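Note that the coordinates shown come from a computational prediction; the quantities given were computed from them, not determined experimentally.
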Amino acid sequence: MSENDTPEQPWRNFYGRRHGKTLNKAQKEYLREDLPGRLPGPVGWDVNPDREPLDMEARFKGKPVWLEVGFGGGEHLAHMAQTYPEVEFIGCEPFVNGVAMLLGKLRREKIANVAVHPGDARDLMDVLPAGSISKAFLLYPDPWPKSKHHRRRFVTQEHLEPLHRALKPGSEFRVATDIPDYVRQTVEEVPQAGFEPLFDVPAAFDFDDPQPVSGDWDTPWADWLSTRYEQKALREGRKPHYLTYRRI
């Protein structure tokens with residue numbers, strides 16, 4: 001791509017926190033010493049202004065790559081990496097405290113098959129080659145409960161269309177949430193982006209009911225690890241839902 005063809009960086013509002021409480025000495029060490037070697041490649045506009053696709057073959061040695069968007073504290077991501085050592089993982093998380101927590105887990109448990117993008121998932125989607133991801137996870141995403149903020153949710157076409165492009169045909173996309181209205185938006189938006197549901201929506205499902213009727217999405221996946229966010233939801237009386245889609 002010539003200099004004259006360099007894409008112009010789009011204006012992307014970022015909503016949510018990037019920093020929490022002050023990092024401790026060990027967490028700062030993880031970010032300084034471990035993060036550079038965990039990056040999936042040149043993702044940011046500062047290091048990849050031409051938006052050249054990542055060299056997935058070189059970075060991940062031809063292995064299947066699974067993607068988790070918004071890994072929180074990294075419990076599920078670390079668990080899956082240990083469960084599937086033959087798979088490589090990319091985790092996206094802009095919250096630096098969560099990134100530091102995951103890096104600590106990876107170091108302590110000697111987990112090698114995880115790459116980390118500490119930023120906006122949209123920037124990563126820009127440079128993922130088409131059909132390069134074999135499975136994706138969206139687990140307890142920020143619910144943005146006010147109706148005026150629903151456009152900020154991940155389950156909008158702005159995010160889903162690039163995800164569809166990055167996923168291999170037939171690959172699985174998992175969504176877990178305890179928010180009935182997030183279920184509603186997921187059910188409405190995800191199929192529009194080219195995904196088919198592998199579950200049935202109960203005829204009597206009420207998206208406004210905090211305890212909606214049960215369906216075949218109430219059972220967690222066989223390899224599921226309940227996260228701190230799920231445990232909080234259960235303590236507060238909210239029912240988790242596990243929605244599975246296939247990329248058409």
Taking [X] first and then [Y], would you say they form a salt bridge - that is, a charged N and a carboxylate O separated by under 4.0 Å?
X	Y	result
Glu172	Arg246	no
Lys135	Glu68	no
Asp142	Arg153	no
Glu161	Arg165	no
Arg151	Glu158	no

How long is the gap from [atom1] on [X] to [atom2] on [Y], to the nearest 0.5 Å?
X	Y	atom1	atom2	answer
Leu103	Gln27	CG	CD	9.5 Å
Ile111	Leu102	CD1	CG	8.0 Å
Leu124	Ile90	CG	CD1	5.5 Å
Leu54	Asn48	CG	CG	7.0 Å
Gln157	Gln192	CD	CD	5.0 Å
Ile179	Arg184	CD1	CZ	12.5 Å

Do [X] and [Y] have side-chain N/O donor and acceptor atoms under 3.5 Å apart?
X	Y	result
Asp178	His241	no
Thr156	Glu189	no
Trp217	Thr244	no

Check [X] against [Y] and note the closest heavy-atom contact, atom names and distance.
X	Y	answer
Leu139	Trp221	CD2-CZ3, 4.2 Å
Ile248	His164	O-NE2, 3.3 Å
Ala58	Asp55	N-OD1, 3.1 Å
Asn113	Glu88	CA-OE1, 3.5 Å
Leu160	Ala193	CB-CB, 3.6 Å
Asp218	Lys239	OD1-CD, 3.9 Å

Could you tell me whether a side-chain N or O of [X] sits under 3.5 Å from a main-chain N or O of [Y], the two making a donor and an acceptor?
X	Y	result
Arg51	Asp123	yes
Glu93	Phe95	yes
His159	Pro162	no
Asp50	Glu52	no
Ser132	Leu128	no
His79	Asp223	yes
Lys105	Gly73	yes

Please tell me if the side chains of [X] and [Y] come closer than 4.5 Å, counting only heavy atoms from C-beta onward.
X	Y	value
Lys63	Val87	no
Val187	Leu243	yes
Glu196	Pro191	no
Leu234	Pro240	yes
Leu67	Cys92	yes
Pro94	Val99	no

Take Glu75 and Arg228 through the test salt bridge (charged side-chain N to carboxylate O under 4.0 Å, His left out) and record every step on the way to the result.
CA-CA 8 Å; Glu75 305 102 313; Arg228 69 185 63 196; 2.6 Å; yes
After noting the C-alpha distance and the side-chain angles of Leu225 and Glu230, does the key distance pass the side-chain contact (heavy atoms from CB on, under 4.5 Å) rule?
CA-CA 10 Å; Leu225 176 76; Glu230 179 166 282; over 6 Å; no
Kindly say whether the aromatic ring centers of His76 and Phe137 come within a distance under 6.0 Å.
yes
is_close_aromatic(Phe89, Tyr84), centroid dist under 6.0 Å:
no
Do Val116 and Met101 land in one hydrophobic cluster if side-chain heavy atoms of ILVMFWY residues count as linked below 4.5 Å?
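Val116 does not cluster with Met101.
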Is there a side-chain contact (heavy atoms from CB on, under 4.5 Å) between Phe173 and Val190 once you walk through the steps?
CA-CA 10 Å; Phe173 174 40; Val190 174; 4.3 Å; yes
Please evaluate residues Arg107 and Glu29 with respect to the criterion salt bridge (charged side-chain N to carboxylate O under 4.0 Å, His left out), reporting the C-alpha separation (whole Å), side-chain torsions for both, the decisive distance (0.1 Å), and the verdict.
CA-CA 11 Å; Arg107 180 189 286 200; Glu29 179 182 290; 2.6 Å; yes
Met125 and Leu163: CA distance, side-chain angles, deciding distance, side-chain contact (heavy atoms from CB on, under 4.5 Å) verdict
CA-CA 7 Å; Met125 299 292 179; Leu163 177 63; 3.9 Å; yes
Could you walk me through whether Tyr140 and Tyr182 pass the side-chain contact (heavy atoms from CB on, under 4.5 Å) test, one step at a time?
CA-CA 10 Å; Tyr140 292 94; Tyr182 208 102; over 6 Å; no
Mind telling me whether Phe195 and Tyr245 have parallel, tilted or perpendicular rings, with 30° and 60° as the class edges?
perpendicular
